[in-house]
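Just so we're clear, the structure is a prediction, and the values are computed from it rather than from any experiment.
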Amino acid sequence: MKIEYKNKVKKSGLTGTQLIAVGFLTVILIGTLLLSLPCMNRKGQWTPFLDALFMSTTSVCVTGLSLVNIYEYWNFFGQLVILILIQIGGIGVVALAILFLMIMGKKVTLKNRLLIQESYNMNSLSGLVRLTRKILLGILIVEGCGAILSAFCFIPEYGLARGIWVSIFHAISAFCNAGMDVMGGDSLSAYVTNPWINIVTILLIVVGGIGFFVWWDVIEVVRKWRKTGFRNCLSKLNLHSKIVLTTTGILIFSGAFFIFMLEYHNRATLGPLSLGGKIQAALFQSVTTRTAGFSTVSQAGLTESSALISSILMFIGGSPVGTAGGVKTATIAMIGACTMSVVKGEKETVVFHRTIPRSTVKKALAVFFISAAAMVFMVVLMSIAEAGSLTTILYEVVSALATVGLSRDFTAVLHTAGKVIIIFCMYIGRIGPISMVIAFRKKGRKKIRINYPEEEVIVG
């Protein structure tokens, strides 16, 4: 029943992946038209189409790269449009459409459910609408808590009205891993040693980036904590949650350690800070590369080694079914586990005493290599279009492809060709390179499955 209906959907028009890609593109174009209006900026002038397109794309794709200072250029209405675009990008076009259907009391059809399944990359149609409702409610609660906690710092500094606005904008931007702010300064550099803002922002970034499925799994474990004990609760986590939480923890703390060591004496970054400040800044830098885009230290001031580590962390990104970009932690975990199985001489890929299906490992390899190929191709294009060091160009391209938003002061000096390349990078980064390939490949006749004889190939 499900397969037959899905085939009918595909024959009647666009596939689910194509609809998602077109949906994001439509929102970007609407945002572009709105942001180009004179009433959206402080100068009262028309914003050039390419600049408005860049701002709309970076908002919907929750990237955070910006050609101008958001607070100084855009007025309240422009900032509001940007915030709405960030929220749409963080929630997802499909989930937002389902929300409107539920508000209007409309029935969520099987076609809608198939789109949700495609959007969240799930294997089953059961409970999708309930899951979407839980996700939307969870987002509202987390962002609300983030805004309230941020207000304790921002209201005393900016006053009641602007403090509330800055807190709301910051909470949504941090949770959606957008990395944009309306403070008017150099991102969060003024709060580099402020433990309150550091902790609140880090929590929002991590919670948004670990993925919605992990939320509910952890919540269920916490509920059972008192009955079964902490150690037994951890064993109750499903395999996906274990992989995501373990990989996330390893990446954050190892990244913070290397950045701390490499930047300890660097006067442009951690050098002038106290020991506690250095630890905070190193940890924040490691977390923000999980596709958040906020910065408390100068990205241009990073050593080349730290910039390389940050680029690797950005390329990996967050976790599946969350607000973060990148190739995802689970993808890297699968490739790592597969590599270890080869080293150990094992036939199957095993993680936490569970055998991973070969189709999952193959998909992880495809995601990684298509993303890596896209990155290399875009770096070469950017090197042709713009003058800059390889480190700076790599940093900018990876930041755009992984929808991070960190920049080594390169975005503001881009020419037309460079802007177009970064816009395209942000778009395919949000949709996913492999999804783009699937969405726009040519449809042909259904291939007949043929089993060919095996033959060995020498590798390594």
Side-chain angles (χ1 to χ4, degrees), residues 17 20-21 24-25 28-29 32 50-51 53-67 89 177-180 288-293 295 299-300 302 304 306-318 324-328 331-332 335 364-441:
T17 307
I20 293 168
F24 273 105
L25 183 60
I28 288 171
L29 293 176
T32 301
L50 187 60
D51 291 352
L53 177 63
F54 192 102
M55 195 68 231
S56 180
T57 305
T58 194
S59 301
V60 175
C61 298
V62 290
T63 305
L65 292 172
S66 180
L67 300 171
N177 282 213
M180 288 183 272
T288 198
T289 56
R290 312 316 310 291
T291 83
S295 62
Q299 300 303 297
L302 292 173
E304 292 208 346
S306 293
L308 177 60
I309 289 172
S310 295
S311 296
I312 293 171
L313 292 172
M314 289 191 292
F315 181 75
I316 296 172
V327 297
K328 305 295 189 296
T331 301
I332 295 300
I335 294 173
L365 289 168
V367 168
F368 180 85
F369 283 108
I370 290 176
S371 298
M375 177 191 69
V376 172
F377 180 70
M378 291 302 173
V379 167
V380 172
L381 276 184
M382 184 63 83
S383 299
I384 296 171
E386 299 285 345
S389 68
L390 180 60
T391 301
T392 299
I393 289 174
L394 174 67
Y395 203 86
E396 197 81 7
V397 168
V398 173
S399 180
L401 272 174
T403 68
V404 182
L406 294 173
S407 175
R408 289 168 66 86
D409 300 334
F410 193 59
T411 306
V413 299
L414 291 175
H415 299 94
T416 299
K419 292 176 184 178
V420 172
I421 292 170
I422 293 299
I423 287 171
F424 188 67
C425 284
M426 291 189 291
Y427 178 68
I428 65 174
R430 183 65 182 90
I431 303 300
I434 193 168
S435 295
M436 287 289 291
V437 172
I438 294 171
F440 298 106
R441 67 185 175 188

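- Residues Glu386 and Ile421 form no side-chain contact, since every pair of their non-hydrogen atoms from C-beta on lies 4.5 Å or further apart.
- The two residues Arg290 and Ala324 have their closest heavy-atom pair at O-CB, 3.7 Å.
- Shortest non-hydrogen contact noted between Tyr395 and Ser311 is CD1-OG, 3.5 Å.
- A distance of 12.5 Å separates OG1 in Thr57 from NZ in Lys419, rounded to the nearest 0.5 Å.
- With a 4.5 Å cut-off on side-chain heavy atoms, Phe315 and Leu401 do not count as touching.
- The closest side-chain heavy-atom distance from Leu313 to Val404 is not below 4.5 Å.
- With Thr331 contributing its side chain and Val327 its backbone, the two residues share a donor-acceptor pair below 3.5 Å.
- Atom OG1 of residue Thr288 and atom CD of residue Gln299 lie 7.5 Å apart, to the nearest 0.5 angstrom.
- The two residues Asp409 and Ala300 make their nearest non-hydrogen contact at OD2-CB, 3.4 Å.
- Met55 places a side-chain heavy atom less than 4.5 Å from the side chain of Ser59.
- With no hydrogens or angles considered, a side-chain donor-acceptor pair links Glu396 and Thr411 at under 3.5 Å.
- Between the CG atom of Leu53 and the CD1 atom of Ile28 there is a distance of 7.5 Å, given to the nearest 0.5 Å.
- Here the closest heavy-atom approach between residue Gly418 and residue Met382 is recorded as O-CE, 3.7 Å.
- Residues Leu302 and Ser310 form a side-chain contact, since some pair of their non-hydrogen atoms from C-beta on lies under 4.5 Å apart.
- Nearest heavy atoms, Gly405 versus Ser399: N-OG, 2.9 Å.
- To the nearest 0.5 Å, atoms OG1 (Thr291) and CG (Asn177) are separated by 4.0 Å.
- Residues Met314 and Leu406 meet the side-chain proximity criterion, which asks for heavy atoms closer than 4.5 Å.
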Check the pair Val420, Leu50 against side-chain contact (heavy atoms from CB on, under 4.5 Å), reporting the backbone distance first and the verdict last. CA-CA 8 Å; Val420 172; Leu50 187 60; 4.1 Å; yes
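- Within the 4.5 Å cutoff, no side-chain heavy atoms of Thr391 are placed close to those of Leu308.
- Between Arg430 atom CZ and Phe24 atom CZ the span is 4.0 Å, to the nearest 0.5 Å.
- For the pair Leu65 and Phe54, the minimum side-chain heavy-atom distance is below 4.5 Å.
- Nearest heavy-atom pair, Ile393 versus Gly388, reported as atom, atom and distance to 0.1 Å: CD1-O, 3.5 Å.
- The distance from atom CG of Leu394 to atom OG of Ser389, rounded to the nearest 0.5 Å, is 9.5 Å.
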Apply side-chain contact (heavy atoms from CB on, under 4.5 Å) to the pair Thr289 and Ile316, showing each step before the final yes or no. CA-CA 9 Å; Thr289 56; Ile316 296 172; over 6 Å; no
